[in-house]
Amino acid sequence: MNAKGNIKKIRNIGIIAHIDAGKTTVTERILYYTGRSHKMGEVHDGEAIMDWMPDEQERGITITSAVTACRWKTNEIQIIDTPGHVDFTIEVERSLRVLDGAIGVFCAVGGVEPQSETVWRQADKYQVPKIAFINKLDRVGANFWGTIEMMKDKLNATPLVLQLPVGAEDDFEGVIDLIDMKKIVWDDETLGANFQVLEIPDDLIQNAMEYRDKIIESVAENDDEIMEAYLSETEIDSKRLRSAIRRTCIDLKLVPVLCGSALKNKGIQPLLDAIVGYLPSPVDIPPIQGIDPETGEIRLCKAVDSDPLAALIFKVSMIEGRKLSFVRIYSGKIKSGGDVYNSFRKKKEKLSRILRMHANKRERIDESGAGSIVGVIGLKESSTGETLCSTDHPVLLEKIEFYEPVISIAIEPKTYADQEKLNQVLEKFTAEDPTLQVRRDEDTGQTILSGMGELHLEVIISRMQREFRTQVNVGKPQVVYRETIANEAQATAAFDREVVGQRHFGQVVLKLNPLARGTGNRFRSDISDETIPQIFVAAIQKGVMESLESGALMGYPVVDIEATLIGGAYKESLASNLAYTVCASMACKEALAKGDPFLLDPIMAVEVYVPEAYVGDVIGDLNSRGGKIETIETRKGSQMIKTIVPLASMFGYSTSLRSATQGRGTFTMQFSHFDRA
């Protein structure tokens, strides 16, 4: 696309929000009004273009980030519609890593909900400029100003209100544009494709003028050019104000706020204008930093086609049995049939095809340049988070951080034929989803699948059966615990034996101390070179860290421990790395057993939304599960109970909550920390 066009005309944006705020509906409207699709798909009918997986259509939620591109006026908008459910946080994380801007969609009734906070913080972490769209203003209980206040309190954001809603709930008819000072009303007969730009009615003009002055004041505080005009009382026209809003948005100082109702087809065209007008193109943001894998020097990758290639694989999908890699090109260009170099694996790969993506449909293209997001077929070994570059200009971009899974299930194939397929299928899923882990339990011989939550694992099992015709029996979900020790302990171990005709010797004395929760594991050496030469300390550390991967109680990983090397012995001609690694591991295992080991539960932060009448029952149920109630907040028509609960007691909670509240209670749950239950 940008081979012919201008990189300044590209917008790489993501739509982020809590589950059910209307992200997918907003995306469907954008595709319709930009002419990318000729029919609006509705989530509730299971026909949304971006929710193309059968599991997404059945459940009415987004599970995987879908990529698409459309044109608005003269601009190319590349959109990633991300999931809102906490179990699929990794999809949001890796999308935000490669996006230049984001639209936070908020439900005017629910306001800023828990997962909205999580994704907003993820966007803050990657310093992604944002605009906000307050959706569902036609719904009963919609509260525009309440949502603005919640943005300030919960997100620490500085909202810049650019539109005012006209009417509310059933009477919501349109918006007042405070930049051009016009009223916009959409035509229901053309499904909102046509709209009228009218003068602001007399009864609303005073209010609109006050809010336009507030925009100028807020922008003046953050932009020198507008501040000068404001102080000298010069007239500030719309064009000048727009460019100042753009600068403050890209500098992460202000968040422009628009509003509407996507389901009722109101408010989308001004949102498209705002995406183009206020969110950055690839050249408006600082060049991404990489390091030269040979020298370690920092390299800046500028958004220019003529520069050396730097691209990041942010997602891998298996579609019809073939591996499809999603790539964001930061600088340089790629060509179909060309070679690229994976600087992480130090291997050359061939690009057999380059595809422009539209959800699950694909269009072949010959080449693609800086600023683009494309699908690539032909990368055999490259995986999520790895860098593609040119052999003569290698660069390594920062990898994507992944989350540790908190819940496991045991699976076993139903038939011998399934047994053969299962390993291949699991290999494909783990290549796609880095938060999914597979291991074999040596004691029981079962395959253990670990993920981010019950829904995450449910979807994987469903896809196994649907897409790969692999039938499995599923065991009860198991919690992935951690282990630690209560008391200081020390142990001595020696290794002195012949291995393949050569004698090896090593002896160490280790001391283990418990650390505060969440500190992690540390190793230090308190011995001199005379006791054990420095060259063997790394081997000792390796032995200790490996043995902390499996604890003395039930074999779970050990956390929050400091291991100190306090003594040992050394025989000059016999000492070896092998001997010190093995005896360090033996000493560590023995000290763990002596240190009063105990289990740490994954503790979940749970937010439960319930109508007032059921609060007592719900609190009683949470207490019986070992929950600690932290706060109870009143929301319009309901209460939000914040609590922390051990994961082990939360299995099947959605069913209990539904029956206790006649189906009216909802909850969100995400991992908080590990602690003694």
Side-chain angles (χ1 to χ4, degrees), residues 101 103-104 106 108 111-112 129-135 137 142-168 171-186 195-261 266-280:
I103 304 166
F106 299 102
V112 177
K130 297 171 282 294
I131 57 181
F133 181 71
I134 297 178
N135 191 23
L137 281 167
N143 184 347
F144 177 75
W145 294 109
T147 307
I148 298 285
E149 286 310 309
M150 285 171 85
M151 284 179 70
K152 292 179 192 169
D153 297 344
K154 294 201 158 193
L155 306 176
N156 225 352
T158 312
L160 184 71
V161 177
L162 302 184
Q163 292 179 342
L164 298 178
V166 179
D171 300 327
F172 174 65
E173 56 174 284
V175 300
I176 287 173
D177 172 358
L178 296 172
I179 306 290
D180 289 330
M181 291 297 278
K182 297 286 181 191
K183 176 182 168 183
I184 306 174
V185 180
W186 280 265
F195 54 91
Q196 291 175 287
V197 178
L198 310 167
E199 293 305 318
I200 299 173
D202 293 346
D203 58 333
L204 299 176
I205 190 82
Q206 190 62 40
N207 197 28
M209 285 167 75
E210 280 172 28
Y211 278 103
R212 192 177 197 278
D213 289 345
K214 284 183 183 173
I215 293 176
I216 293 169
E217 283 167 26
S218 299
V219 175
E221 282 171 27
N222 293 285
D223 187 89
D224 295 343
E225 191 188 310
I226 298 294
M227 177 58 92
E228 279 176 34
Y230 181 66
L231 292 175
S232 61
E233 295 185 4
T234 313
E235 178 65 33
I236 299 166
D237 63 27
S238 301
K239 191 179 172 189
R240 202 167 167 195
L241 187 54
R242 278 200 181 89
S243 10
I245 294 171
R246 178 181 178 80
R247 287 193 294 273
T248 57
C249 176
I250 292 172
D251 292 343
L252 307 175
K253 291 174 180 166
L254 298 172
V255 178
V257 180
L258 295 95
C259 60
S261 163
K266 292 175 167 62
I268 301 298
Q269 293 93 337
L271 176 63
L272 280 160
D273 288 336
I275 290 168
V276 168
Y278 306 134
L279 289 177

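Atoms considered below: every heavy atom in the structure, side chains included; atoms not considered: hydrogens, waters and symmetry mates. Since the structure is predicted, the reported quantities are computational estimates derived from the model, not experimental observations.
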Scan for ring pair (Phe, Tyr, Trp, His ring centres under 6.0 Å) pairs involving residues 223-251, sequence neighbours excluded, and state none if there are none.
none
Rounded to the nearest 0.5 Å, the CD1 atom of I103 sits from the CG atom of L279 at a distance of 6.5 Å
For F172, which residues count as a ring-ring contact (aromatic ring centres under 6.0 Å, His included) partner, sequence neighbours excluded?
none
Got P270 and I184 here, is their nearest side-chain heavy-atom distance under 4.5 Å?
yes
Supply the atom-to-atom distance L160 CG to K253 NZ, rounded to the nearest 0.5 angstrom.
13.0 Å
For residues 238-251, pull every pair meeting salt bridge (Lys or Arg N to Asp or Glu O under 4.0 Å), keeping only residues two or more places apart or in separate chains.
D180-R242, D223-R247, E225-R240, E225-R247, R246-D284
About how many Å separate NZ of K266 and CD of E173, when rounded to the nearest 0.5 Å?
8.5 Å
Test V112 against D153 for side-chain contact (heavy atoms from CB on, under 4.5 Å), laying out the working first.
CA-CA 10 Å; V112 177; D153 297 344; over 6 Å; no
What distance do I245 atom CD1 and L162 atom CG have between them, rounded to the nearest 0.5 Å?
5.0 Å
Worked check of side-chain contact (heavy atoms from CB on, under 4.5 Å) between V197 and F195:
CA-CA 7 Å; V197 178; F195 54 91; 4.1 Å; yes
Tell me, which pairs form a ring pair (Phe, Tyr, Trp, His ring centres under 6.0 Å) where one or both residues lie in residues 197-228, sequence neighbours left out?
W145-Y211
Qualifying side-chain hydrogen bond (donor to acceptor under 3.5 Å, both in side chains) pairs, either residue in residues 195-206, two or more places apart
K182-E199
For a side-chain contact (heavy atoms from CB on, under 4.5 Å) check, start with the C-alpha distance between I268 and F133, then their side-chain angles and the critical distance, and finish with the verdict.
CA-CA 9 Å; I268 301 298; F133 181 71; 4.3 Å; yes
With rounding to the nearest 0.5 angstrom, report the CD1 to CE distance, I134 to M151.
6.5 Å
Name all residues meeting the side chain to side chain donor-acceptor pair (under 3.5 Å) criterion together with K214; count only those two or more places apart in sequence or in a different chain, and write none if there are none.
none
When you look at CG of D213, are more than 12 heavy atoms from neighbouring residues, nucleotides or ligands closer to it than 6.0 Å?
yes
Look up atom NZ in K183 and atom CD in Q163, then write down how far apart they are to the nearest 0.5 Å.
13.5 Å
Assess whether side-chain contact (heavy atoms from CB on, under 4.5 Å) is satisfied between L258 and V175, documenting all intermediate values.
CA-CA 9 Å; L258 295 95; V175 300; over 6 Å; no
